[in-house]
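The structure appears below as structure tokens.
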Amino acid sequence: MLVVMRAQATEEQVRAVCQKIEALGYRAHSIPGAQRTAIGITGNKGEVDAGALEDLPGVQEVIRVSKPYKLVSRDIKPDNTILRFQAPNSPAEVTIGGTDLVIMAGPCGIESREQAFATAERVARAGAHFFRGGAYKPRTSPYSFQGMGEEGLKIMAEIRDRFGLLIVTEAVDYESLDLVDQYADMIQIGARNMQNFSLLKRAGRARKPVLLKRGMSATLEEFLMAAEYIMSEGNYNIVLCERGVRTFADHTRNTLDLSIVPAIQRLSHLPIIVDPSHGTGKRNKVTPLSRAAVAVGADGLIIEVHHDPDRALSDGMQSLYPDQFDALMAQVRQIAAVLGRSVASSPRSARAFS
Ligand code: PEP
Ligand code: MN
């Protein structure tokens with residue numbers, strides 16, 4: 001159920017409706033919009049009695065949301081969600097979901113301080129806003145590189161300070177989620193965990209925004225339901241990420257499903273970015289698919305870049321050389337302009353390149 005408040009409804013009236021919903025034993029989610037506030041109701045097993053809410057002051061109407069996903073749906077919030085980040089060591093703001101595209105870049109995994117710093121310097125120079133890199137790597141084989149753990153997070157925190165880059169990194173379980181919440185600006189939930197419902201709920205109780213990657217065989221509805229799990233716990237700052245799904249095609253590692261971008265945008269107010277690195281698994285396909293992702297209307301890109309990909313401990317084959325990333329950024333800027341969008345210059349810290 002959804003309570004739509006009148007455009008002129010006061011904060012007290014919104015609060016009173018939320019209190020009434022909670023008193024009925026449900027959970028109220030107040031979602032302010034450009035025109036008016038909507039209040040989502042979750043936690044109900046059956047029908048909510050609309051009569052108890054309809055006559056409260058400030059209420060315009062009470063409507064049933066027929067889709068299984070509610071809080072992530074455009075029904076509850078017609079205007080796009082825009083996430084806002086304070087850039088480290090800078091008064092600038094980085095947004096996701098507005099006119100500006102967001103660019104996240106970095107290695108697959110944090111392997112050493114030297115490797116992370118060398119790569120961070122190049123992606124910061126090229127204009128990335130976020131530095132990516134796994135401190136915890138969910139690998140298909142238990143014998144593959146598993147990441148540096150908290151040590152890796154500490155290196156990323158140093159990079160944040162040194163280069164003015166925001167940090168996004170993956171959490172794989174409760175313990176790592178708490179640590180990522182502490183060190184990073186954004187918590188990544190990987191494809192393999194998209195239906196780890198207890199982890200999603202925990203991310204819903206975290207302080208930081210969540211980057212939710214699409215599972216490799218997830219339908220659009222399953223993807224949105226995963227986001228709904230996070231939102232239902234009270235974390236409304238979510239960015240979706242298309243990273244390719246498994247098909248019969250074997251010329252790429254996965255099949256990057258760019259058609260999901262407009263499909264999601266039609267149904268949900270959440271921003272969606274694209275990961276052409278995992279989406280293709282091949283370095284020579286990352287730049288063409290990045291161009292396509294921007295052209296299709298994605299709100300940004302997450303790209304694997306390594307200062308020495310031939311020696312990378314994971315995903316070297318799909319990691320760009322820094323020079324290739326420079327070229328990608330130049331192309332993306334041009335395509336963004338065609339669509340009336342832009343890539344904001346990255347708010348790197350003054351001492352980054354001194
Ligand atoms: C990653 O971004 O490093 C990663 C492991 O991606 P995915 O979860 O999409 O496979
Ligand atoms: Mn990777």
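Counting convention: from 1, in listed order, for ligands and their atoms alike.
The minimum distance between the Mn ion (ligand 2) and any N, O or S atom of Asp315 involves atom OD2.
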Evaluate Glu304 against Arg132 for salt bridge (Lys or Arg N to Asp or Glu O under 4.0 Å), listing each step before the verdict. CA-CA 8 Å; Glu304 285 187 343; Arg132 63 142 291 145; 3.4 Å; yes
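Of the polar atoms of Arg192, at least one N or O is found under 3.5 Å from an N or O of ligand 1, judged by distance alone. Between Glu170 and ligand 1, a contact under 3.5 Å exists for no N or O pair. Residue-to-ligand polar distances place Ala191 within reach of ligand 1: an N/O pair is separated by less than 3.5 Å.
Heavy atoms of Arg214 come nearer than 4.0 angstrom to ligand 1 in no pair at all. Heavy-atom separations between Arg132 and ligand 1 include at least one value shorter than 4.0 Å.
Of the candidates Asp275, Leu101, Val332, Leu301 forms a side-chain contact (heavy atoms from CB on, under 4.5 Å) with just one, namely Val332. None of Asn237, Val210, Leu270, Thr95 except one satisfies the side-chain contact (heavy atoms from CB on, under 4.5 Å) rule with Leu83; the exception is Asn237.
Between Glu158 and Arg113 there is a salt bridge, since at least one side-chain N of the basic residue sits less than 4.0 Å from a carboxylate O of the acidic one.
Ring orientation note: the planes of Tyr229 and Phe197 are close to parallel, at an angle under 30° on the 30°/60° scale.
Protein heavy atom closest to atom 1 (C) of ligand 1, with residue, atom name and distance, is His278 CE1, 3.3 Å.
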